[in-house]
**Student:** 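Structure below; questions to follow.
Computed from a predicted structure; not experimentally measured.
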Amino acid sequence: MDSETREKIKKTVRELLEEADMNEMTEYKIRQLASKRLELDLSESKYKAYVRHVVNSFLEEQKAKEEEEEEAAGDDNNNNNNEFDDDGDLIICRLSDKRRVTLQDFRGKTLISIREYYKKDGKELPSSKGISLTEEQWSTLRKNIPNIEKAVRKMESHTM
């Protein structure tokens, strides 16, 4: 498929998605509507896969926007409800009873840590089981979450 056709399909599909009631719309309906607008049969496999890609990209962008809005709203509402661990590090969330995500300052660098904790003398202490990411590494990981999720779905589909 040439780049001009790809761009026309992408533009049309995104316009339809912007206008659509996302509770009622399906990929199939989007493909039908785009086919009519473009006067092109998008049910052919080469087009079908590309339309799916555009729809998934759009949905991932929408999800990211919603999460950012929720995060911003949460920041406004939760400034006084922060939880800190015994070392004074901000606990972002608890993944399980023993695992948590924290934000810490280490030697002047901000680190995002995903780590397992253990109890000793009534205190919860971080174990060596985990990872600490710099802001740059965290940003790279966040940007690649859709690719990681896609790879996991692909791997899961092969195992079924």
Side-chain angles (χ1 to χ4, degrees), residues 1-23 25-27 30 48-160:
M1 164 180 7
D2 63 76
S3 62
E4 186 178 332
T5 303
R6 286 176 81 87
E7 196 55 40
K8 283 180 184 178
I9 292 171
K10 181 179 178 180
K11 183 177 183 237
T12 303
V13 169
R14 290 185 69 84
E15 285 173 359
L16 289 166
L17 288 166
E18 290 284 348
E19 300 164 2
D21 175 358
M22 297 309 286
N23 294 320
M25 191 53 66
T26 64
E27 180 186 328
I30 288 289
K48 203 175 194 178
Y50 185 65
V51 169
R52 178 171 293 127
H53 167 75
V54 173
V55 169
N56 286 337
S57 295
F58 177 86
L59 293 174
E60 287 170 2
E61 288 170 20
Q62 295 303 310
K63 184 178 177 184
K65 283 181 189 176
E66 288 174 12
E67 288 172 355
E68 284 176 18
E69 289 169 3
E70 287 173 9
E71 195 174 293
D75 288 347
D76 294 341
N77 296 334
N78 293 329
N79 283 341
N80 297 325
N81 298 331
N82 292 335
E83 182 183 5
F84 296 88
D85 66 13
D86 292 334
D87 292 329
D89 298 331
L90 176 63
I91 299 172
I92 304 298
C93 70
R94 293 178 183 270
L95 301 174
S96 70
D97 196 36
K98 291 184 178 184
R99 291 188 182 131
R100 64 177 79 146
V101 179
T102 61
L103 187 66
Q104 64 185 125
D105 185 57
F106 182 74
R107 296 184 183 167
K109 285 192 173 193
T110 300
L111 298 176
I112 294 87
S113 291
I114 304 169
R115 190 156 303 283
E116 214 169 87
Y117 283 70
Y118 65 97
K119 288 188 180 187
K120 182 177 179 183
D121 299 327
K123 289 180 94 178
E124 288 186 316
L125 301 171
S127 73
S128 61
K129 295 178 182 178
I131 185 170
S132 294
L133 304 170
T134 64
E135 289 176 270
E136 183 180 328
Q137 292 167 331
W138 173 250
S139 179
T140 300
L141 177 64
R142 279 187 60 202
K143 287 176 188 169
N144 283 286
I145 292 293
N147 294 333
I148 294 167
E149 288 175 338
K150 184 179 177 182
V152 169
R153 282 192 303 269
K154 187 176 182 181
M155 191 170 67
E156 287 172 346
S157 71
H158 288 298
T159 60
M160 291 181 178

**Student:** Would you call K150 and N56 a side-chain contact if the rule is heavy atoms closer than 4.5 Å?
**Tutor:**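 A side-chain contact under 4.5 Å is absent here.
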**Student:** Roughly how far apart are E135 CD and K109 NZ, rounded to 0.5 Å?
**Tutor:**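 Between atom CD of E135 and atom NZ of K109 there are 9.5 Å.
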**Student:** Is the shortest side-chain N to carboxylate O distance from E61 to K65 below 4.0 Å?
**Tutor:**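 No, this pair does not count.
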**Student:** So among K143, Q137, E136, which one has a side-chain contact (heavy atoms from CB on, under 4.5 Å) with S139?
**Tutor:**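 Testing each of K143, Q137, E136 against S139, the sole residue satisfying side-chain contact (heavy atoms from CB on, under 4.5 Å) is K143.
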**Student:** For the residue pair I9 and M1, what are the closest heavy atoms and their distance?
**Tutor:**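 Minimum heavy-atom contact is CD1-SD, 3.8 Å.
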**Student:** Rounded at 0.5 Å granularity, tell me how far CH2 in W138 sits from CD1 in I112.
**Tutor:**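 Those atoms lie 6.5 Å apart.
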**Student:** State, with a plain yes or no, whether a side-chain heavy atom of Q104 is found less than 4.5 Å away from one of S132.
**Tutor:**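 With C-beta onward as the side chain, the pair touches.
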**Student:** Rounded to the nearest 0.5 Å, what separates atom CZ in R100 from atom CG in D85?
**Tutor:**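 The distance works out to 5.5 Å.
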**Student:** When you measure from the side chain of D2 to the backbone N and O of E4, does any donor-acceptor pair fall under 3.5 Å?
**Tutor:**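 Pair found, side chain donor or acceptor close to backbone of E4.
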**Student:** So, N144 side chain and N147 main chain: donor-acceptor pair closer than 3.5 Å or not?
**Tutor:**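 A pair under 3.5 Å: no.
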**Student:** From I145 CD1 over to E60 CD, what is the distance, rounded to the nearest 0.5 angstrom?
**Tutor:**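 With rounding to 0.5 Å, CD1 (I145) is 11.0 Å from CD (E60).
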**Student:** Could you go through E15 and K11, starting from their C-alpha distance and side-chain angles, then the distance that decides it, and tell me whether this counts as salt bridge (charged side-chain N to carboxylate O under 4.0 Å, His left out)?
**Tutor:** CA-CA 6 Å; E15 285 173 359; K11 183 177 183 237; 3.6 Å; yes
**Student:** Only one of S127, S96, P126 clears side-chain contact (heavy atoms from CB on, under 4.5 Å) with E116; which?
**Tutor:**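 Option passing the side-chain contact (heavy atoms from CB on, under 4.5 Å) with E116: S127.
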**Student:** Does a side-chain heavy-atom distance below 4.5 Å link H53 with S57?
**Tutor:**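 H53 reaches S57 side chain to side chain.
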